[in-house]
Amino acid sequence: MDSIDYYERYASAYYENTVERSMEDMLARFLELLPENADVLDLGCGSGRDTVALEEAGCYVTPLDGSAQMCRLAEIETDKEVLHMAFAEMDFDEVFDGIWACASLLHVPSTEMDDIMRKVMNALVPGGILYMSFHYGEQEEYRNGRLFHDFTEESISEVLEKQADARILDLWVTEDVQGRDGNKWLNVLVRRLDKEEGGCEDE
């Protein structure tokens with residue numbers, strides 16, 4: 001069972017376990033970097049919880065998830081159409097002012113991470129902001145039916161160094177919002193460089 005299969009099977013339980021969890025502090029740090037009425041992609045939107053919060057903050061949000069069952073529940077939660085799409089299927093070109101990838105890219109295996117990160121960066125407008133979060137650590141393993149690719153400050157920096165137009169704005173570690181002991185999260189804020197700042201462009 002891969003990670004999407006997990007969410008197909010346990011969508012309702014996952015929804016119930018996460019829909020009321022507050023991401024207020026992380027959302028605030030993300031939102032303060034965005035323009036007014038920003039276009040935001042909620043990448044791996046899950047229950048739709050953060051789509052609702054982002055829209056309440058004045059953003060125009062496109063929710064996306066790879067699980068059809070999670071999309072169905074998120075559409076009920078958000079009263080919006082949710083894109084049913086795997087990360088590898090994304091082909092956006094400079095569309096979004098911000099991308100919110102809360103606990104979603106952590107399911108991408110190391111063999112695919114560079115390609116997926118390129119798609120994510122391409123989806124941002126120059127100057128756009130990416131937030132992403134991962135379990136803190138060095139492991140890449142299956143846990144509870146899902147693949148988890150953990151990162152530290154050093155290892156995520158190595159991934160982002162391969163993206164010529166990515167600049168890390170902030171890295172910080174937080175405790176688990178569900179209160180699970182010893183479970184820490186790495187939070188990452190990244191900006192896509194403007195062309196004049198040296199962002200990658202075909203010559």
Side-chain angles (χ1 to χ4, degrees), residues 1-11 14 18 26 41-46 50 62-71 74 82-96 98-124 128-174 176 180 182-193 198-202:
M1 181 169 62
D2 66 19
S3 298
I4 290 179
D5 289 338
Y6 175 93
Y7 291 108
E8 293 286 71
R9 183 174 298 184
Y10 300 112
Y14 182 82
T18 59
M26 291 73 168
L41 175 65
D42 188 355
L43 183 60
C45 67
D50 298 335
T62 301
L64 179 155
D65 204 274
S67 162
Q69 290 300 318
M70 290 308 313
C71 289
V82 177
L83 294 179
H84 178 214
M85 184 182 296
F87 299 155
E89 297 173 315
M90 291 192 305
D91 191 26
F92 301 111
D93 184 20
E94 298 187 4
V95 175
F96 301 104
I99 296 177
W100 177 260
C102 180
S104 57
L105 293 171
L106 49 69
H107 294 311
V108 176
S110 57
T111 54
E112 300 175 19
M113 195 68 187
D114 292 343
D115 288 342
I116 298 301
M117 192 59 65
R118 179 75 258 139
K119 287 178 176 289
V120 171
M121 296 306 299
N122 283 346
L124 285 170
I129 301 298
L130 165 66
Y131 168 84
M132 50 187 177
S133 59
F134 305 89
H135 288 298
Y136 191 85
E138 299 284 2
Q139 293 75 33
E140 182 178 1
E141 61 186 8
Y142 279 89
R143 299 194 290 265
N144 300 320
R146 291 166 288 175
L147 175 73
F148 285 95
H149 189 183
D150 304 341
F151 283 96
T152 63
E153 295 93 339
E154 293 77 14
S155 57
I156 196 61
S157 295
E158 290 174 1
V159 168
L160 290 165
E161 283 171 3
K162 299 175 186 177
Q163 307 297 331
D165 55 354
R167 174 174 293 170
I168 296 174
L169 299 178
D170 203 0
L171 295 166
W172 73 102
V173 179
T174 52
D176 187 79
R180 293 171 292 195
N183 197 7
K184 296 184 182 296
W185 289 83
L186 177 67
N187 303 271
V188 190
L189 280 169
V190 180
R191 183 161 63 89
R192 180 175 179 178
L193 297 178
C200 61
E201 288 292 322
D202 293 333

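- Residues Glu154 and Thr152 have side chains that bring a donor and an acceptor to within less than 3.5 angstrom of each other.
- The line from CD1 of Ile116 to CZ of Arg118 is 12.0 Å long, rounded to the nearest 0.5 Å.
- Val120 is listed as a side-chain neighbour of Met90, based on a closest heavy-atom distance under 4.5 Å.
- Going from atom CE of Met70 over to atom CG of Asp65 covers 6.0 Å, rounded to the nearest 0.5 Å.
- A search for side-chain hydrogen bond (donor to acceptor under 3.5 Å, both in side chains) contacts involving Glu161 returns nothing, not counting sequence neighbours.
- Applying the side-chain hydrogen bond (donor to acceptor under 3.5 Å, both in side chains) criterion to Glu89, with sequence neighbours excluded, gives no partner residue.
- Residues that satisfy the side chain to side chain contact (heavy atoms under 4.5 Å, CB included) test with Ala166, not counting sequence neighbours, are Met121, Leu160, Gln163, Val190.
- Scanning all heavy atoms of the two residues, the minimum distance from Ala74 to Cys45 falls at CB-SG, 4.0 Å.
- Residues that satisfy the ring-ring contact (aromatic ring centres under 6.0 Å, His included) test with Phe151, not counting sequence neighbours, are Phe134, His149.
- Using a 4.0 Å cut-off between charged side-chain N and carboxylate O, Asp170 and Arg191 make no salt bridge.
- Taken to the nearest 0.5 Å, the CG atom of Leu169 stands 9.5 Å off from the CG atom of Leu130.
- For Lys119, there are no salt bridge (charged side-chain N to carboxylate O under 4.0 Å, His left out) partners two or more places apart in sequence or in a different chain.
- Listed by chain and number, the residues in a side chain to side chain contact (heavy atoms under 4.5 Å, CB included) with Glu153 are Tyr136, Leu171, Val173, Leu186 (sequence neighbours excluded).
- With sequence neighbours excluded, the residues satisfying side chain to side chain contact (heavy atoms under 4.5 Å, CB included) with Leu83 are Thr62, Leu64, Phe92.
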> Between Thr174 and Asn187, is a side-chain contact (heavy atoms from CB on, under 4.5 Å) present by the stated rule, with each step listed?
Replying inline: CA-CA 7 Å; Thr174 52; Asn187 303 271; 2.9 Å; yes

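- The aromatic rings of Trp185 and His135 sit tilted, their planes meeting at an angle between 30° and 60°.
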> Would Trp100 and Met26 satisfy side-chain contact (heavy atoms from CB on, under 4.5 Å), going step by step from the backbone distance to the final call?
Replying inline: CA-CA 10 Å; Trp100 177 260; Met26 291 73 168; 3.8 Å; yes

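- When Leu105, Asp42, Ile129, Leu124 are each tested for a side chain to side chain contact (heavy atoms under 4.5 Å, CB included) with Ile99, only one passes: Leu124.
- Asp115 pairs by the salt bridge (charged side-chain N to carboxylate O under 4.0 Å, His left out) definition with nothing, not counting sequence neighbours.
- The line from CE of Met113 to OG of Ser110 is 9.5 Å long, rounded to the nearest 0.5 Å.
- Scanning both residues, Ser133 and Leu106, for their nearest heavy atoms gives O-CD2, 4.0 Å.
- Pairs of residues two or more places apart, or lying in two chains, that qualify as salt bridge (charged side-chain N to carboxylate O under 4.0 Å, His left out) and include a residue from residues 132-144 are Glu141-Arg143, Arg143-Asp150.
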